[in-house]
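Atoms considered below: every heavy atom in the structure, side chains included; atoms not considered: hydrogens, waters and symmetry mates. We name chains A, B, ... by the order of the sequence lines, and we start the count at 1 in each one.
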Amino acid sequence: MTLHAPIAPRPAFEEVPPPGDYALVRRTIEFISREYRSQPSLCEVAEGVGAPEAELEAALRRWAGLSPKAFLQAVTLDHARRLLAEGLPLLDAAIEVGLSGPSRLHDLFVKHEAMSPGAHKAKGEGLALRYGFADGPFGRTLAVWTERGLAGLAFSDEERGGDAHALADMLGRWPKAQAERDDAGAADHVARVFSPARWRGDQPLRIVLIGTDFEVRVWQRLLDIPLGCADTYSSVARDIGAPQASRAVGAAVGRNPLSFVVPCHRVVGKSGALTGYHWGLTRKRAMLGWEFGLRHPD
DNA sequence: TCGCGCAAAGCAC
DNA sequence: GTGCTTTGCGCGA
């Protein structure tokens, strides 16, 4: 396993993967989740999602860098189980002592700071936020940031209330903060987060974790789960020193404001079941499949 | 009270 | 035996 080696971006990943393909990807994952028992062929999947076989194949290659067969594997139920069986790579000493630096195990190279409990209790009073919407590889994306870094990333789905719901869900966490709309800024943040070519240790992504002490401890632990890997709620609970608190960990993971950047999609049940995802299980599968494509270009 | 859990126990193939 | 559901326990907000 070469988990710590830099991931060589495929040509298609020099920039953000094409947002337009996500709609088809999403239908494909939904179809597979429904029909996986019957092991559908590519032809049947194409028919099920209403796209020509060639177009489906081209879209999967553009979006995930995977052949249809590899993509189907990466989003089936057993995928998470396989990831768990592989186990996490051991931390090497250089990383363990470098805790103050960017979180190097996470390929996004995130540099995080936590907001003080006092500031959190004030429900964002005095906090100046900017926010906006932009298209991304997992659909329409909401970004929220402060001058210190990215504070929120979420998704807007038409069938779940669209932009208004996504925004209320996010800004409701800091009801007393001021928020100013800036779609151009959001487009920059979204492009930065979802372009693997820009995940560089010398230019870490700055993020701000705003939450309770327990939540921030959970989120920081999630940053140590490497790209394309998976870990369990109970093991996260053990690692933050609260071995009985796996359910509380689940709740904290579910309150993660920074979807994808704080990789809550890499936490699954001990059995390998995906259990849940704030922005829909389909999207969790999509993220795991996309990451699989980054690690195993074919 | 609730929730993106867990493990044991019960049940059905 | 495997796989699924139910039950009781557990935690922090």
Side-chain angles (χ1 to χ4, degrees), chain A residues 26 29-30 33-39 75-85 87-88 106 114-125 138-139 142 152-157 159-161 165-166 168-176 209-225 228-291:
Chain A
R26 195 181 68 145
I29 294 172
E30 281 165 355
S33 307
R34 240 177 9 248
E35 307 290 335
Y36 71 98
R37 283 166 215 280
S38 62
Q39 304 264 29
V75 297
T76 37
L77 286 178
D78 286 336
H79 183 233
R81 209 163 290 155
R82 279 194 298 274
L83 291 180
L84 286 180
L88 292 180
H106 184 33
M115 188 146 281
S116 72
H120 173 251
K121 277 213 185 80
K123 300 197 182 297
E125 183 148 29
F138 300 102
L142 165 67
L153 204 71
F155 300 98
S156 160
D157 289 310
E159 64 275 19
R160 294 214 277 167
H165 179 264
D169 181 58
M170 179 64 72
L171 295 185
R173 297 154 187 263
W174 314 296
K176 294 189 177 171
L209 299 175
I210 309 175
T212 66
D213 182 61
F214 181 84
E215 287 167 345
V216 169
R217 262 158 55 215
V218 171
W219 300 337
Q220 285 176 340
R221 172 65 186 74
L222 300 191
L223 290 173
D224 291 334
I225 307 176
C229 295
D231 206 349
T232 65
Y233 298 96
S234 48
S235 119
V236 171
R238 177 178 21 86
D239 290 352
I240 63 167
Q244 313 284 77
S246 52
R247 193 156 187 181
V249 165
V253 170
R255 260 177 263 122
N256 164 32
L258 274 162
S259 168
F260 188 77
V261 175
V262 173
C264 58
H265 56 284
R266 296 181 195 147
V267 192
V268 302
K270 208 167 194 181
S271 69
L274 297 193
T275 61
Y277 192 61
H278 190 78
W279 295 279
L281 280 180
T282 296
R283 192 172 267 111
K284 190 169 182 174
R285 278 186 226 292
M287 287 179 177
L288 290 170
W290 191 74
E291 294 189 341

Measure the distance from OH on A:Tyr277 to C1' on B:dG3 and round it to the nearest whole Å. 17 Å
Looking only at the side chain of A:Arg247 (C-beta and beyond, no hydrogens), which of the listed nucleotides B:dG5, B:dC6, C:dC11 gets closest? B:dG5
OP1 or OP2 of B:dC6 versus the side-chain N and O atoms of A:Ser246: is any pair under 4.0 Å? no
Using atom P of each nucleotide, how far apart are B:dC4 and C:dC9 to the nearest Å? 22 Å
Tell me whether the side-chain N or O atoms of A:Tyr233 pair up with the base of B:dC4 as donor and acceptor below 3.5 Å, since no angle test is needed here. yes
Quick check for you: among C:dC11, B:dC6, B:dC4, whose closest atom lies nearest to any side-chain atom of A:Val253? B:dC4
Any donor-acceptor N/O pair, A:Lys284 side chain to A:Val267 backbone, under 3.5 Å: yes
Within a strict 4.5 Å, meaning less than it, do heavy atoms of the A:Leu222 and A:Pro263 side chains meet? yes
Does OP1 or OP2 of B:dA7 have a side-chain N or O of A:Lys270 closer than 4.0 Å? yes
Can you check the A:Arg266 CZ to B:dC4 C1' distance for me, whole Å? 16 Å
How many Å lie between CG on A:Asp213 and C1' on C:dC11, as a whole number? 15 Å
Whole-Å distance, A:Gln244 CD to B:dC6 C1', equals 10 Å
A:His278 NE2 to B:dC2 P: how many Å, rounded? 18 Å
Nucleotide C:dA13, atom P - distance to CZ of A:Arg173 in whole Å: 15 Å
Is there a donor-acceptor pair closer than 3.5 Å between any side-chain N or O of A:Arg285 and the backbone N or O of A:Leu274? no
Is the distance from OP1 or OP2 of C:dA13 to the nearest side-chain N or O of A:Thr212 less than 4.0 Å? yes
A:Trp219 CH2 - B:dC4 P separation (whole Å): 14 Å
Please confirm whether the backbone N or O of A:Ala252 pairs with a side-chain atom of A:Trp219, one donor and one acceptor, at under 3.5 Å? yes
Within the 4.0 Å heavy-atom criterion, would you say A:Ala245 contacts the bases, only the backbone, or no part of the nucleic acid? sugar-phosphate
Secondary structure of DNA chain C per the Watson-Crick/G-U criterion (both distances under 3.5 Å; [ ] crossing, | other strand, . unpaired) is |||||||||.|||
May I ask you to say what A:Phe214 touches in the nucleic acid, namely base, sugar-phosphate or nothing, with a heavy-atom cut-off under 4.0 Å? sugar-phosphate
Any donor-acceptor N/O pair, A:Arg160 side chain to A:His165 backbone, under 3.5 Å: no
Between A:Asn256 and A:Val262 (side chain of the first, backbone of the second, donor and acceptor by atom type, cut-off under 3.5 Å), is there such a pair? yes
Applying salt bridge (charged side-chain N to carboxylate O under 4.0 Å, His left out), which residue pairs with at least one partner in residues 238-250 of chain A are found, sequence neighbours left out? A:Arg221-A:Asp239
Nearest-angstrom distance from the residue atom CG of A:Asp239 to C1' of B:dG5: 16 Å
